[in-house]
Amino acid sequence: MTSLQDPLALAHGPAWANRITLAPLTNLQSHPDGSLSDDELDWLVARGEGGFAMVMTCAAHVSPEGQCWDGQLAVWDDRFLPGLTRLATALRESGTTSCVQLQHGGMRASQELSGHPTVAPWDDEAKGARALSTGEVQRVVQDFVDAAVRCERAGFDGVQVHGAHAYLLAQFLDARSNHRTDAYGGSAENRARVFHEVVDGIRSATGPDFQVGMRLTPERSGIALAESTALAEQLMVSGAVDHLDMSLWDVRKAPFETAYDGALIDHFTALERGSARLGVAGGIVSTADADWCLERGADFVTVGTAGILHHDFARRALADPAFAMAATPVSRDHLRAERVGPDFIEYLAAGWDFVA
């Protein structure tokens, strides 16, 4: 049976040292212009030193108009290369595999922060968003590709494309609202087209040792489970992605659609994978949780909350079958000791039940 300690070979690039990876976590620690800060670097490097097999950045926006929040990392211009190179080098020296998550906020982006109009797959007057033209969709696809090439130049081992959580790419999947009449709307095939164009473009533009991943949302936000499982399988067997990360909210939850039995995770571990590796995320806060996911057929787990509270969660989980995350809330001193910067701490204190 697969163990958390087992290395994980991928079709491209370096093998991961174990089966525990760091989730892409919003932390608001970049400089206002989107460049890397010392706090952001220290937070990520600490997780590499803490035994995570792959450390991923927060969602980094690939287009100027795609910015969602203040303090978000940016990858849309060569001006960001010095910071990205510094981060890639430091992560490599920490012993982990490095990855940048590529994102565009679409309808969820902030015009106030970016200074650019909000764009989306369709017009939405209530949200102040206008529909992208066909040419603009193709330009965004190229922005993802260019950002990946930039990350490769900086020295990262790979990228993960953010196709989840109702950001731009996931918005295309929304059958309720995406009634575009071009190649990017209407049918399930058309609504998923942008996913394939992004990963195929990145694979073609990067080298044979560069890893390409995708994160998907399995349901809700106008996404039917039958369509998300079909897309997941298509991406995995295509050869374009090395890893697929399913963001399940809770790895033990049942599907939202009552017509489906079993646990949501089972609908994805049952899929054909080709050479791709399948990961799951959502509520993994102990060694037992991570082991359970591998027993259900996942190849790796993606850890969020526990990785904030313990920079060395991976090392502890690998060493102790009974290890579990500290109970929340925790003190600011606890977070500082785990190399969480002041801006990240304030974000956690304002919107989450993390801080006492």
message = Nearest 0.5 angstrom please: I308 CD1 to R339 CZ, how far?
response = 15.5 Å

ask   = Tell me, do L84 and L36 make a side-chain contact under 4.5 Å, heavy atoms counted?
value = no

request  = Check whether any side-chain heavy atom of D289 lies under 4.5 Å from a side-chain heavy atom of V251, and answer yes or no.
outcome  = no

query = Heavy-atom count around E189 CD within 6.0 Å, excluding the residue itself: above 12?
reply = no

request  = Please check if the side chain of N190 supplies one atom and the backbone of S187 the other of a donor-acceptor pair under 3.5 Å.
outcome  = no

query = Any idea which heavy atoms bring A170 and I223 closest together, and the distance?
reply = O-CD1, 4.3 Å

request  = Using the side-chain contact (heavy atoms from CB on, under 4.5 Å) rule, take Q138 and T134 through it: C-alpha gap first, then chi angles, then the decisive distance, then the call.
outcome  = CA-CA 6 Å; Q138 293 165 349; T134 301; 3.8 Å; yes

Side-chain donor or acceptor of E65 paired with backbone N/O of P117 under 3.5 Å = no

task = Compare all side-chain heavy atoms of F344 with those of L335 and state whether any distance is below 4.5 angstrom.
result = no

key: side-chain contact (heavy atoms from CB on, under 4.5 Å) between L216 and M246, intermediate numbers included   = CA-CA 5 Å; L216 290 180; M246 296 306 307; 3.8 Å; yes

message = Please determine whether residues V100 and L41 belong to a single hydrophobic cluster, defined as Ile, Leu, Val, Met, Phe, Trp and Tyr linked transitively by side-chain heavy-atom distances below 4.5 Å.
response = yes

ask   = Distance-only, no hydrogens or angles: does the Q171 side chain make a donor-acceptor pair with backbone N or O of A166 under 3.5 Å?
value = yes

key: ILVMFWY cluster, V159 and L81 together (side-chain gap under 4.5 Å)   = no

F313 versus A306, closest heavy-atom pair with distance = CD1-CB, 3.6 Å

task = Tell me whether W249 is reachable from W352 by hopping between hydrophobic residues (I, L, V, M, F, W, Y) whose side-chain heavy atoms are closer than 4.5 Å.
result = no

request  = Please determine if D174 and R176 form a salt bridge, counting it only when a charged side-chain N lies under 4.0 Å from a carboxylate O.
outcome  = yes

key: A349: partners by side-chain contact (heavy atoms from CB on, under 4.5 Å), with sequence neighbours left out   = R332, V355

key: 4.5 Å side-chain heavy-atom contact, L231 and H196   = yes

key: D299/R273 salt bridge by N-O under 4.0 Å criterion   = yes

ask   = Got a donor-acceptor contact below 3.5 angstrom from the R180 side chain to the L132 backbone?
value = yes

inquiry  = Any heavy-atom pair between the side chains of C99 and Q211 that's under 4.5 Å?
reply    = no

ask   = Can you tell me how far the CG atom of D39 sits from the CG atom of L44, to the nearest 0.5 Å?
value = 11.0 Å

request  = List the atom of C293, the atom of I284, and the distance in Å for their closest heavy-atom pair.
outcome  = SG-CD1, 3.9 Å

ask   = Hey, any chance L264 and W292 share a hydrophobic cluster, counting ILVMFWY side chains that come within less than 4.5 Å of each other, even indirectly?
value = yes

request  = Scan for ring-ring contact (aromatic ring centres under 6.0 Å, His included) pairs involving residues 151-174, sequence neighbours excluded, and state none if there are none.
outcome  = H162-H165, H162-Y167

task = Using atom types as modelled and distance alone, determine if a side-chain donor or acceptor of H104 lies under 3.5 Å from a backbone N or O of H61.
result = no

query = Is the backbone N or O of L225 less than 3.5 Å from a side-chain atom of S228, with the two atoms forming a donor-acceptor pair by type?
reply = yes

task = Using a 4.5 Å cut-off on heavy atoms from C-beta on, say whether the side chain of V161 contacts that of M214.
result = yes

task = Any chance you could lay out the side-chain contact (heavy atoms from CB on, under 4.5 Å) test for R130 and D123, step after step, and finish with the verdict?
result = CA-CA 4 Å; R130 69 162 180 83; D123 290 317; 3.7 Å; yes

inquiry  = Are L102 and C151 packed together at the side-chain level, in the sense that at least one heavy-atom pair is separated by less than 4.5 angstrom?
reply    = yes

ask   = What distance do K127 atom NZ and R108 atom CZ have between them, rounded to the nearest 0.5 Å?
value = 8.5 Å

task = With sequence neighbours excluded, give me every ring-ring contact (aromatic ring centres under 6.0 Å, His included) pair touching residues 251-279.
result = Y260-H267

request  = Consider only side-chain heavy atoms of I, L, V, M, F, W and Y, link residues closer than 4.5 Å, and tell whether L113 and V62 are in one cluster.
outcome  = no

task = Ignoring hydrogens and angles, tell me if any N or O in the side chain of T2 forms a donor-acceptor pair with the backbone of E295 under 3.5 Å.
result = no

Polar contact flag, side-chain donor to acceptor under 3.5 angstrom, S35-D33 = yes

ask   = Which atom names give the shortest non-hydrogen contact between A11 and D242, and what distance separates them?
value = CB-OD1, 3.4 Å

request  = Give the other cluster members for W122, using side-chain heavy-atom distances under 4.5 Å between Ile, Leu, Val, Met, Phe, Trp and Tyr residues; answer none if it is isolated.
outcome  = M107

request  = Please confirm whether the backbone N or O of V75 pairs with a side-chain atom of R150, one donor and one acceptor, at under 3.5 Å?
outcome  = yes

query = Distance-only, no hydrogens or angles: does the N27 side chain make a donor-acceptor pair with backbone N or O of L25 under 3.5 Å?
reply = yes

inquiry  = I need the T302 OG1 to Q160 CD distance, nearest 0.5 Å.
reply    = 7.0 Å

message = Which heavy atom of L271 sits nearest to which heavy atom of T229, and what is that distance?
response = CD1-O, 3.6 Å

message = side-chain contact (heavy atoms from CB on, under 4.5 Å) for N178 and L173? Distances and angles first, verdict last.
response = CA-CA 7 Å; N178 182 4; L173 298 179; over 6 Å; no

ask   = Rounded to the nearest 0.5 Å, what separation is found between the CH2 atom of W76 and the OG atom of S63?
value = 9.5 Å

inquiry  = Check this for me: does any side-chain nitrogen of one of R139 and D143 sit under 4.0 Å from a carboxylate oxygen of the other?
reply    = yes

query = Do S30 and Q72 have side-chain heavy atoms sitting under 4.5 Å apart?
reply = no

Donor-acceptor contacts under 3.5 Å from residues 316-326 side chains, at least two apart:
unit_1	atom_1	unit_2	atom_2	d
R316	NE	D312	OD1	3.2
R316	NE	D312	OD2	3.3
D320	OD1	A322	N	2.8

message = Between R19 and P7 (side chain of the first, backbone of the second, donor and acceptor by atom type, cut-off under 3.5 Å), is there such a pair?
response = yes

message = Taking CG in D353 as the centre, count heavy atoms belonging to other residues, nucleotides or ligands within less than 6.0 Å. Is the count above 12?
response = no

query = Looking at CD of E49 and OG1 of T96, how far apart are the two atoms once the value is rounded to the nearest 0.5 Å?
reply = 10.5 Å

request  = Say whether S247 and T217, considering side chains only, have a donor N or O and an acceptor N or O under 3.5 Å apart.
outcome  = no

task = Report the C-alpha distance between D200 and R193 in whole Å, list the side-chain angles of each, state the deciding distance to 0.1 Å, and finish with yes or no for salt bridge (Lys or Arg N to Asp or Glu O under 4.0 Å).
result = CA-CA 11 Å; D200 289 346; R193 187 180 306 279; over 6 Å; no

Heavy-atom closest contact (G48 atom, S94 atom, distance) = CA-OG, 3.4 Å

inquiry  = Taking transitive links into account, so neighbours of neighbours count too, which hydrophobic residues share a cluster with M56 at under 4.5 Å side-chain distance?
reply    = L8, L10, W16, M54, F300

